[in-house]
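Just follow the structure's listing: the first ligand is 1, and inside any ligand the first atom is 1. As the structure is a computational prediction, the values presented were derived from the model and not from experiment.
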Amino acid sequence: MTDKQTNNQWWKSAAVYQIYPKSFCDSNGDGIGDIPGIISKLDYLKNLGIDVLWLSPVYKSPGFDGGYDISDYLNIDPAFGSMGDFRRLLEEVHSRGAKLIMDLVVNHSSNEHPWFIESCKSKDSPYRDYYIWRDGKNGGPPNNWTDFFSGASCWEYSETTGQYNLHLFSKRQPDLNWDNPALRREIYSMMRQWLDMGVDGFRMDVISYISKPEGLPDVREGQSVSGLCANGPHVHEYLREMRREVLDKYDCMTVGETAGVTVEEAKKYASLSGDELNMVFHFEANDLDGGENYKWNKNKIELPGLKQVYTKWQKELSGKAWNSLYLSNHDQPRSVSRLGSELEEYRERSQKLLATCAYLMQGTPFIYQGEELAMTSRRFASPDELRDIEGINAYKSLIKDGLSQSEAMEIVSLRGRDSARTPMQWSGEPGAGFTSGVPWLKINGNYAKINAAEQVARPDSVYNYYRRLIALRKSDPVFTDGEYVPIFEERGDVFAYLRVCGGKSIAVLGNYSAKQVSAVVSNISAEIMPRALIGNIKSSVYLTTGILQPYEAIVLEINA
Ligand code: ISL
Ligand code: CA
């Protein structure tokens, strides 16, 4: 039954945890995280209060883009384990009352997928139209598009048939042709097989790019390939079809990764009427420091811009569509390094602040592995330490632009994707409790200090704060249903809002600066004694003085 029929929108109050399997827990010492490793940590996640696990791809893949290049959608990559291991994981997750969603990467496949291999063989292959093939133009590629990872042409020439195929990402990730009904049927059938096995839904990789613009026109001055391909002419039609053909038949949860989505588009993708997806990830917050256009810089995200984005999405989607709430993921720098403070006195406190302010807005919270420990972005010293195709290419191009090795490595460490993909820090033991072997990507050197074993045992740790925060969110419908009302909107140091529902008001206050600030909520009158529901400072003086300490967050019930 669907959520439309049952009105059981369990995903609205759920807390989701993203696992990047390669870096989560290695059970057999080969340096690569695996499914048995995940199983061994389920109690850690259960204790945190997680309802849904999202696994980044574990399908068979040559691994040129961390598994986002899939060569077999129906099997598990041997590096992660077997199908038996996967079924056991699913059972163990379900037996703890939790759910599991898979990453669905269907804008493109790997160039090693049998469909693509067949597609290359001849123009008459039944798989030819599973991909996007075109003749060249004026002795070159069909248009002037460049790919997201190398900056070279999006078109790969094939000698065999004398045509080019399109790839928005690397050339090892040819784009699938969603305009072909046979391809769509194949994908729906594959999705049904996972759902029939018991999987509880999907996170859909760059799903906003699946419908390419009519005629594949050249990018003109001021346009981008991403802008041209996002939210294409048939994307909503295809998602509605997917909803009818697949999703409506299951009680599942879907979140679309929708690069280039605007609030207007999000209202269609994630409409509460339930025609397409349950929610989407937008990029407007993370793009504030450069984003899609050009992220290889040292720009900082400033609070005023961030508040504007948060508030716009909260207000615009209210009553119409559903928000996702995330601070970072496997493509973004660590949130504490980017938006909080790495200074030892403030690192834990600022991570707690970020979580409090982000996750008490309206929407479904997503926690990226290690955030609950305030893990930091790793700084890499030399290019041979990098593993990510995007970062490696960016390093080369920064060097070409004239930067020194250390300047280029600093930027790639700050903004590249490897920095947040380093192995989970489970303990202070060698290998950080992640592996007994050599990790596939260097562990952050601070694991002796920042690790799960230490934090689980310490009541005021980030981990235990996240546990209380998740429990608080679930304790009262005001956190799911309450209206979002921004306060102190004009301030550049404080992010604050009310959640209001049925005569109840909650105030969430966060000081994003390293200074003490005064922030008295005007509608707390003398007769109303506010009660602090959670806060990141034990000796807070806020209730008596209205003063917030550096990076303080406090949540008040103001008229109970
Ligand atoms: O990481 C990015 C830029 O630095 C993003 O633009 C990213 O490429 C975009 O968010 C799409 O991400 C997803 O699809 C990619 C994959 O590499 C990412 O890991 C995945 O999250 C291609 O499948
Ligand atoms: Ca392993």
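When the options Arg421, Arg415, Glu257 are ranked by their closest heavy atom to atom 10 (O) of ligand 1, first place goes to Glu257.
Within ligand 1, counting atoms from 1 as listed, the ones closer than 4.0 Å to a heavy atom of His330 are 18 (C), 19 (O), 20 (C), 21 (O). Heavy-atom contacts of Phe149 reach the following atoms of ligand 1: 17 (O) (cutoff under 4.0 Å). Residue contact check: His108 has heavy atoms under 4.0 Å from atoms 22 (C), 23 (O) of ligand 1. In the vicinity of Lys295, heavy-atom distances shorter than 4.0 Å reach the ligand 1 atoms 3 (C), 4 (O). Close contacts between ligand 1 and Phe169 involve ligand atoms 8 (O), 15 (C), 22 (C) [criterion: under 4.0 Å to a heavy atom]. Of all atoms in ligand 1, listed by their number and element, those nearer than 4.0 Å to a heavy atom of Phe283 are 10 (O).
Note that Arg192 lies outside the cation-pi zone of Tyr188, set by a 6.0 Å cut-off to the ring centre and a 45° limit from the axis. Judged by the 6.0 Å and 45° rule, Arg134 forms no cation-pi pair with Tyr164. For the pair Arg128 and Trp133, the distance from NZ or CZ to the six-membered ring centre is under 6.0 Å and the angle to the ring normal is within 45 degrees.
Remark: aromatic rings of Trp194 and Phe86 are close, center separation under 6.0 Å. Aromatic pair His113/Tyr73: centroids less than 6.0 angstrom apart.
Of the options Arg415, Lys295, Lys298, a salt bridge (charged side-chain N to carboxylate O under 4.0 Å, His left out) to Asp289 is made by Arg415 and by none of the others.
Between Phe148 and ligand 1 there is no heavy-atom distance shorter than 4.0 Å. At a 4.0 Å cut-off, not a single heavy atom of Gln332 sits close enough to ligand 1 to count as contact.
Atom CD of Glu429 has 12 or fewer neighbouring heavy atoms from other residues, nucleotides or ligands inside a 6.0 Å radius.
For Asp69 and Arg172, the salt-bridge test fails: no basic side-chain N is under 4.0 Å from an acidic carboxylate O. At a threshold of 4.0 Å, the pair Asp205-Arg203 counts as salt-bridged, since one of the basic side-chain nitrogens sits closer than that to a carboxylate oxygen. The pair Arg379-Asp418 fails the salt-bridge criterion, with no side-chain N (NZ, NE, NH1 or NH2) lying under 4.0 Å from an Asp/Glu carboxylate O.
If you look at the Ca ion (ligand 2), the protein N, O or S atoms less than 3.0 Å from it are Asp26 OD1, Asn28 OD1, Asp30 OD1, Ile32 O, Asp34 OD2.
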